[in-house]
Amino acid sequence: MSPARRVLFIGAVLCVAGAAITLGRWQLRRLAARRASNAVLLAARARPPLELPADLRAGTPIDSGRRVVAHGRFDPRDQLILRGRAQDEA
């Protein structure tokens, strides 16, 4: 192997190694963000459920992942049929 090819090979190996290290660090940052997001969702899920509509007032925020309880009756007059749409690959 000529010296020029050897330098090119070593440069390519270093580039690939640098890319692998960068991707590994990115995965670790993603893991930390995902764990923080999961902690927020678990905290919201641990709170008692909201009763709808009694507990809701104008401007009351609902945490993402928080449970709610709703009571009522189904009103078939307000149905909307969407044809030609896929649901669960069917």
Side-chain angles (χ1 to χ4, degrees):
M1 185 181 277
S2 69
R5 283 187 164 206
R6 186 175 297 154
V7 169
L8 285 175
F9 178 73
I10 291 172
V13 167
L14 290 176
C15 285
V16 169
I21 290 170
T22 302
L23 289 173
R25 288 182 180 169
W26 170 68
Q27 285 288 343
L28 290 175
R29 285 192 306 271
R30 253 183 89 215
L31 176 64
R34 183 64 179 219
R35 285 183 175 164
S37 174
N38 286 345
V40 169
L41 288 174
L42 287 174
R45 201 172 290 159
R47 296 178 67 190
L50 289 174
E51 289 284 335
L52 293 180
D55 288 344
L56 286 182
R57 294 169 188 80
T60 302
I62 298 178
D63 300 332
S64 178
R66 180 128 185 224
R67 294 174 296 149
V68 295
V69 177
H71 302 281
R73 292 183 348 166
F74 179 72
D75 186 5
R77 292 178 290 158
D78 292 328
Q79 283 186 6
L80 178 64
I81 298 175
L82 300 174
R83 298 194 191 280
R85 304 281 177 123
Q87 179 178 357
D88 296 331
E89 298 179 8

Got a donor-acceptor contact below 3.5 angstrom from the Thr22 side chain to the Gly18 backbone?
-> yes
Who pairs with Arg5 by side chain to side chain contact (heavy atoms under 4.5 Å, CB included), at least two apart in sequence or on another chain?
-> Met1, Ser2
Kindly write out the residues that satisfy side chain to side chain contact (heavy atoms under 4.5 Å, CB included) with Gln79, not counting sequence neighbours, or none if the list is empty.
-> Phe74, Pro76
If you look at every heavy atom in Arg45 and Arg67, which pair is closest and at what distance?
-> O-NE, 3.5 Å
Just how far is it from atom CG of Leu14 to atom CZ of Phe9, taken to the nearest 0.5 Å?
-> 10.0 Å
Quick one: side chain to side chain contact (heavy atoms under 4.5 Å, CB included) partners of Arg34, sequence neighbours excluded?
-> Asn38
